[in-house]
Structures are given as C-alpha cells and as structure tokens.
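Worth saying up front: this structure is predicted, and the values here are computed from it rather than measured.
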Amino acid sequence: MAKVKVFLSFEFDKDRELQPNFYAQAKKYSDYEIKDYSLKETLRPDDNSWFKEAKKQILLSDIVIIVLGQDTHNAPGVKKEVAFANQEGKPMFQTRPQKRTSGAVPGAGDEIKWDWKQIDAKISECLKK
C-alpha cells in the first residue's frame with residue numbers, strides 16, 4: 001500500500017466535520033495509506049501565522065484535495081491555499097460529499113464525486129504528474 005501525504009483544504013468554520021470524516025473513510029476504503037498533512041486550526045484574519053503553517057504543510061504534501069462544503073468556494077483561506085498550491089505546482093483536485101451543492105473553487109483542479117474508487121483513481125493520476 002503506497003503512502004500519500006495529503007493536504008486537505010476545506011471551509012474550517014462551516015465544514016469542520018468533513019476533515020475527520022475524509023481521513024476515517026480513507027483508512028477503511030482507500031487503496032492508499034493516506035497521511036494527514038491538513039491544518040487543525042481556523043483562519044484568523046488578524047494573524048497570518050496560519051498561512052505560514054499552511055504553506056509548510058502544502059510543501060510537505062504530495063497532493064492537495066479540496067473538500068467542497070456549502071461555502072468552500074467563498075472561503076478566503078481555501079482560496080489562499082489553492083493559489084499557493086498552484087504556485088508550487090502541487091497536483092490538486094476537488095471532491096464533493098453527498099448533499100453538498102455549492103460551487104467549485106476556481107483553479108483547484110477537477111471536481112469528482114466523494115467516492116473512494118474515484119478518489120483513488122484521481123490520486124493515482126495526480127501521482128503520475
């Protein structure tokens with residue numbers, strides 16, 4: 001089982017439950033051993049230290065995955081993380097859980113359904129780049 005370091009980007013204040021759900025499901029259903037390189041704290045507009053930590057974690061990761069909750073496409077922190085990942089040439093894609101209908105994040109790669117066969121296939125594709 002190949003190990004993959006994943007930075008998961010999501011709207012922390014509104015979709016906090018998606019991060020642990022993603023990693024719990026990954027342990028059960030993924031063909032990969034997915035390592036969590038995500039942030040564990042929210043964006044503080046008056047403190048840029050979170051972004052320094054995000055940059056560090058993005059650089060350490062193999063792939064950036066954006067989890068699309070109801071307002072992810074409007075989240076300033078997600079937009080900054082996506083811009084930095086693009087700047088660094090990190091492979092990236094978006095996945096949408098069931099019952100989430102909001103828009104995708106511009107510039108964050110392909111959007112796929114939250115389905116582990118599709119997620120694993122996309123991870124494989126990203127690792128080849």
Rounded distance (nearest 0.5 Å) linking atom [atom1] of [X] with atom [atom2] of [Y]:
{"X": "Ile66", "Y": "Lys79", "atom1": "CD1", "atom2": "NZ", "result": "13.5 Å"}
{"X": "Ile119", "Y": "Phe22", "atom1": "CD1", "atom2": "CZ", "result": "5.0 Å"}
{"X": "Leu60", "Y": "Lys35", "atom1": "CG", "atom2": "NZ", "result": "14.0 Å"}
{"X": "Thr95", "Y": "Leu8", "atom1": "OG1", "atom2": "CG", "result": "9.5 Å"}

Note, Ile63 side chain near Ile123 side chain (heavy atom, < 4.5 Å):
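The answer is yes, as the side chains (C-beta and beyond) meet within the 4.5 Å cut-off.
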_So Asn86 and Met92, do their side chains get closer than 4.5 Å, heavy atoms only?_
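Answer yes - side chains close enough.
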| message | For Lys117, is the NZ atom crowded, meaning more than 12 foreign heavy atoms sit under 6.0 Å from it? | response |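 No, NZ of Lys117 has 12 or fewer neighbouring heavy atoms, counting only those of other groups under 6.0 Å.
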* Trace of the side chain to side chain contact (heavy atoms under 4.5 Å, CB included) decision for Tyr32 with Leu127 -> CA-CA 12 Å; Tyr32 291 96; Leu127 292 175; 3.9 Å; yes
Practice prompt. Indicate whether the side chain of Ser9 and that of Glu81 have a donor and an acceptor atom separated by less than 3.5 Å.
Written response: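 On atom types as modelled, these side chains qualify, holding a pair under 3.5 Å.
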- prompt: Just checking, is any N or O donor in the side chain of Asn74 or Glu11 under 3.5 Å from an acceptor N or O on the other one?
  reply: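 Their side chains do not contain a donor-acceptor pair, so the 3.5 Å distance test is not met.
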Item to check | Geometric class of the Phe84/Phe51 ring pair [parallel <30°, tilted 30-60°, perpendicular >60°] | outcome: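 Answer is perpendicular, since the angle exceeds 60°.
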For [Y], does its backbone N or O pair with a side-chain atom of [X] as donor and acceptor, under 3.5 Å?
{"X": "Thr72", "Y": "Gly69", "answer": "yes"}
{"X": "Asp115", "Y": "Gln118", "answer": "yes"}
{"X": "Lys90", "Y": "Ser61", "answer": "yes"}
{"X": "Asp62", "Y": "Val4", "answer": "no"}

Minimal non-hydrogen separation, [X] against [Y], with atom names:
{"X": "Tyr23", "Y": "Ser38", "result": "OH-OG, 2.9 Å"}
{"X": "Trp50", "Y": "Gly77", "result": "CH2-CA, 3.6 Å"}
{"X": "Gln70", "Y": "His73", "result": "O-CE1, 3.7 Å"}

When clusters are formed by joining ILVMFWY residues with side-chain heavy atoms under 4.5 Å apart, either directly or through shared neighbours, do Phe93 and Tyr37 land in the same one?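 Unlinked, Phe93 and Tyr37 end up in two clusters.
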Determine, step by step, whether Leu39 and Phe7 satisfy the side chain to side chain contact (heavy atoms under 4.5 Å, CB included) criterion, reporting the C-alpha distance in whole Å, the side-chain angles of both residues, the deciding distance to 0.1 Å, and the verdict. CA-CA 8 Å; Leu39 293 182; Phe7 181 88; 4.0 Å; yes
- Would Gln19 and Asp36 satisfy side chain to side chain contact (heavy atoms under 4.5 Å, CB included), going step by step from the backbone distance to the final call? CA-CA 9 Å; Gln19 189 262 0; Asp36 181 2; 2.8 Å; yes
Which side-chain N or O atoms in residues 104-114 pair as donor and acceptor under 3.5 Å with protein atoms at least two apart or in another chain?
residue : atom : partner : partner atom : Å
Asp110  : OD2  : Lys122  : NZ           : 2.4
Glu111  : OE1  : Arg96   : NH2          : 3.4
Glu111  : OE2  : Arg96   : NE           : 2.8
Glu111  : OE2  : Arg96   : NH2          : 3.0
Trp114  : NE1  : Gln25   : OE1          : 2.7

